[in-house]
Amino acid sequence: MIGDKPAVLFDGACPLCVREVAFYRRLRGADSLDWVDVSKSGEAAVCGVGREQALARFHVVMPGGEAISGAAGFVQVWKRLPAFRPLAWMFSFPGGVWLLERAYLGFLRIRPFLQKIAASKSAG
């Protein structure tokens with residue numbers, strides 16, 4: 001499944017993730033990435049990343065097979081989307097990915113709550 005483009009692994013069963021990925025996919029440069037819905041895979045591993053691990057946290061698998069997760073993964077995506085290159089550049093400075101990772105870890109703590117809200121809004 002690893003091709004010549006970075007593979008963005010996302011949870012297609014997560015309403016928040018689906019919205020974010022849909023937003024990114026509409027942007028110029030999105031075709032330079034492969035978008036892989038991990039929730040649809042019955043495999044134990046997707047692109048070399050354990051399925052449960054891929055569902056729990058954002059991952060980008062580079063063409064050489066290196067899996068990059070969390071904030072560093074977002075920076076890899078942003079580098080390929082011209083609209084987000086300034087953010088990628090900003091967080092590439094020393095301490096930038098560390099700071100972004102702290103924010104991402106905070107988001108992961110409240111993600112289940114936000115998913116419930118998003119699911120109830122899309123159901124109603």
Side-chain angles (χ1 to χ4, degrees):
M1 187 181 263
I2 298 173
D4 59 347
K5 301 178 190 178
V8 179
L9 310 184
F10 69 96
D11 181 355
C14 165
L16 298 171
C17 305
V18 169
R19 285 185 193 150
E20 182 176 14
V21 167
F23 170 76
Y24 285 145
R25 290 180 86 166
R26 288 191 299 270
L27 297 176
R28 190 166 52 92
D31 58 346
S32 68
L33 299 158
D34 283 331
W35 303 89
V36 181
D37 181 353
V38 179
S39 70
K40 292 182 179 178
S41 173
E43 300 173 29
V46 180
C47 296
V49 177
R51 186 173 185 278
E52 291 305 313
Q53 184 182 9
L55 288 170
R57 186 174 164 84
F58 185 77
H59 287 79
V60 176
V61 180
M62 302 306 288
E66 176 189 10
I68 302 170
S69 71
F74 281 102
V75 170
Q76 288 301 316
V77 170
W78 295 344
K79 284 180 180 179
R80 288 155 180 84
L81 303 173
F84 280 84
R85 281 190 190 134
L87 271 179
W89 176 79
M90 185 173 78
F91 285 106
S92 293
F93 283 102
V97 171
W98 179 88
L99 183 63
L100 189 59
E101 181 68 18
R102 303 288 75 71
Y104 181 63
L105 290 173
F107 164 77
L108 287 178
R109 283 194 280 280
I110 63 170
R111 178 182 170 203
F113 175 72
L114 295 174
Q115 285 175 311
K116 287 178 186 175
I117 292 171
S120 68
K121 285 185 179 182
S122 64

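Note: hydrogens, waters and symmetry copies are ignored here, and every other heavy atom, side chains too, is used.
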Requested in this report: Test side-chain contact (heavy atoms from CB on, under 4.5 Å) on Phe23 and Arg19 and set out the steps.
Outcome: CA-CA 6 Å; Phe23 170 76; Arg19 285 185 193 150; over 6 Å; no
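- Considering every non-hydrogen atom in both Ser39 and Ala13, the closest pair reads OG-N, 3.4 Å.
- The CG atom of Leu87 lies 10.0 Å from the OG atom of Ser92; values are rounded to the nearest 0.5 Å.
- Atom CG of Leu33 is separated from atom CZ of Arg25 by 10.0 Å, given to the nearest 0.5 angstrom.
- Panel note: side chain Lys5, backbone Asp31; a donor-acceptor pair is recorded below 3.5 Å.
- Atom CZ of Phe93 sits about 14.0 Å away from atom CG of Leu99, to the nearest 0.5 Å.
- Closest of all the heavy-atom pairs between Val36 and Ala7 is CG2-CB, 4.1 Å.
- The six-membered or imidazole ring of Phe84 lies near that of Tyr24, with a centre-to-centre distance under 6.0 Å.
- In this structure, CG in Leu108 is found 6.5 Å from CZ in Arg57, a value given to the nearest 0.5 Å.
- Scanning all heavy atoms of the two residues, the minimum distance from Val49 to Ala67 falls at CG2-CB, 3.7 Å.
- Both Val77 and Leu16 are part of a single hydrophobic cluster, where members link through side-chain heavy atoms under 4.5 Å apart.
- The nearest pair of heavy atoms linking Val60 to Pro6 is CG1-CB, 3.8 Å.
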Requested in this report: Evaluate the criterion side-chain contact (heavy atoms from CB on, under 4.5 Å) for residue pair Arg111 and Cys14; output intermediate values, then yes/no.
Outcome: CA-CA 9 Å; Arg111 178 182 170 203; Cys14 165; 3.6 Å; yes
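- The shortest distance between side-chain heavy atoms of Val38 and Asp11 does not fall below 4.5 Å.
- How far CG of Leu9 is from CG of Leu55: 9.5 Å, rounded to the nearest 0.5 Å.
- With a 4.5 Å cut-off on side-chain heavy atoms, Leu114 and Phe107 count as touching.
- If you run ring-ring contact (aromatic ring centres under 6.0 Å, His included) between Phe74 and each of Phe91, Phe10, Tyr104, only Tyr104 comes through.
- Separation of atoms CG (Leu105) and CD1 (Ile110) is listed at 12.0 Å; rounding is to 0.5 Å.
- Residues Arg85 and Pro82 are in side-chain contact: their nearest non-hydrogen atoms beyond the backbone lie under 4.5 Å apart.
- With a 4.5 Å cut-off on side-chain heavy atoms, Val8 and Phe58 count as touching.
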Report task. Take Ser32 and Arg80 through the side-chain hydrogen bond (donor to acceptor under 3.5 Å, both in side chains) test and state the conclusion after the steps. Result -> CA-CA 7 Å; Ser32 68; Arg80 288 155 180 84; 5.2 Å; no
